[in-house]
Amino acid sequence: MTGAGGAFEAATGDGPPRPDPAAAERRAAEVRTAYEGLLQIRRLTNTGGGDPGAVPAPWERNQPVKAVALALEAAGVPPSALDAEGRRVRTGYRVGPGDGPGQVRVEWLGPPGGGAAQEEDTALAGCARALERLGWEALLYRGPRRRRHLEVEPLPAPG
């Protein structure tokens with residue numbers, strides 16, 4: 001979503017749903033532009049050898065929640081969403097801070113009774129694949145109430 005100042009903000013899964021098709025098309029264009037910018041940042045800053053696109057750039061390491069949310073959104077994974085009262089109204093990923101510094105937690109959430117718990121193994125495996133292609137390590141854990149989540153952190157920078 002675009003913030004109040006017009007700056008791009010990756011969808012973390014805690015924002016409002018986008019109901020109209022025109023907004024969805026605009027959002028897809030914004031995501032493509034932001035993702036291309038992220039890849040350019042990687043090319044310009046990951047100069048230690050190897051493929052500069054294979055590991056997160058310093059910007060991503062400093063803002064891992066935003067970087068992981070952008071990676072998932074750019075991969076076409078749907079974010080969850082909340083209504084104006086804070087109720088979850090759409091099934092998808094939710095990205096937030098992880099348990100340790102530089103870690104990110106990815107959950108698969110949806111409205112009560114919407115089936116998100118039954119989808120989470122397959123959905124989180126897809127999230128992990130999308131993130132691993134971009135140099136993030138994503139490990140699957142089982143949390144309270146037997147719900148699964150990913151703990152995500154960047155792979156080490158080359159040499």
So do the side chains of [X] and [Y] get within less than 4.5 Å of each other, counting heavy atoms only?
| X | Y | answer |
| --- | --- | --- |
| W136 | P56 | yes |
| R88 | D14 | yes |
| P111 | T91 | yes |
| R61 | V55 | yes |
| V68 | L131 | yes |
| D99 | E151 | yes |
| L70 | L38 | yes |

*Is it true that E30 and R27 make a salt bridge, defined as a side-chain N closer than 4.0 Å to a carboxylate O?*
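Yes, E30 and R27 are salt-bridged.
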*Can you list the steps and then say if E73 with Y93 is a side chain to side chain contact (heavy atoms under 4.5 Å, CB included)?*
CA-CA 9 Å; E73 195 173 1; Y93 68 80; 3.4 Å; yes
Shared hydrophobic cluster, [X] / [Y] (ILVMFWY, side-chain heavy atoms < 4.5 Å):
| X | Y | answer |
| --- | --- | --- |
| L72 | W108 | yes |
| L82 | L109 | no |
| V104 | Y141 | no |

*Out of curiosity, D121 CG to L140 CG, how far, rounded to the nearest 0.5 Å?*
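The CG atom of L140 is 6.5 Å from CG of D121, to the nearest 0.5 Å.
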_Side-chain H-bond candidate by donor/acceptor type, S80 with R94, under 3.5 Å_ =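 Side-chain D/A pair, S80 to R94: absent.
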*Intermediate values then yes/no, side chain to side chain contact (heavy atoms under 4.5 Å, CB included), L150 and L139*: CA-CA 5 Å; L150 297 174; L139 301 175; over 6 Å; no
_Sole residue of E107, R142, E120 in side-chain contact (heavy atoms from CB on, under 4.5 Å) with R147_ =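 That would be E120; it is the only one of E107, R142, E120 passing the side-chain contact (heavy atoms from CB on, under 4.5 Å) with R147.
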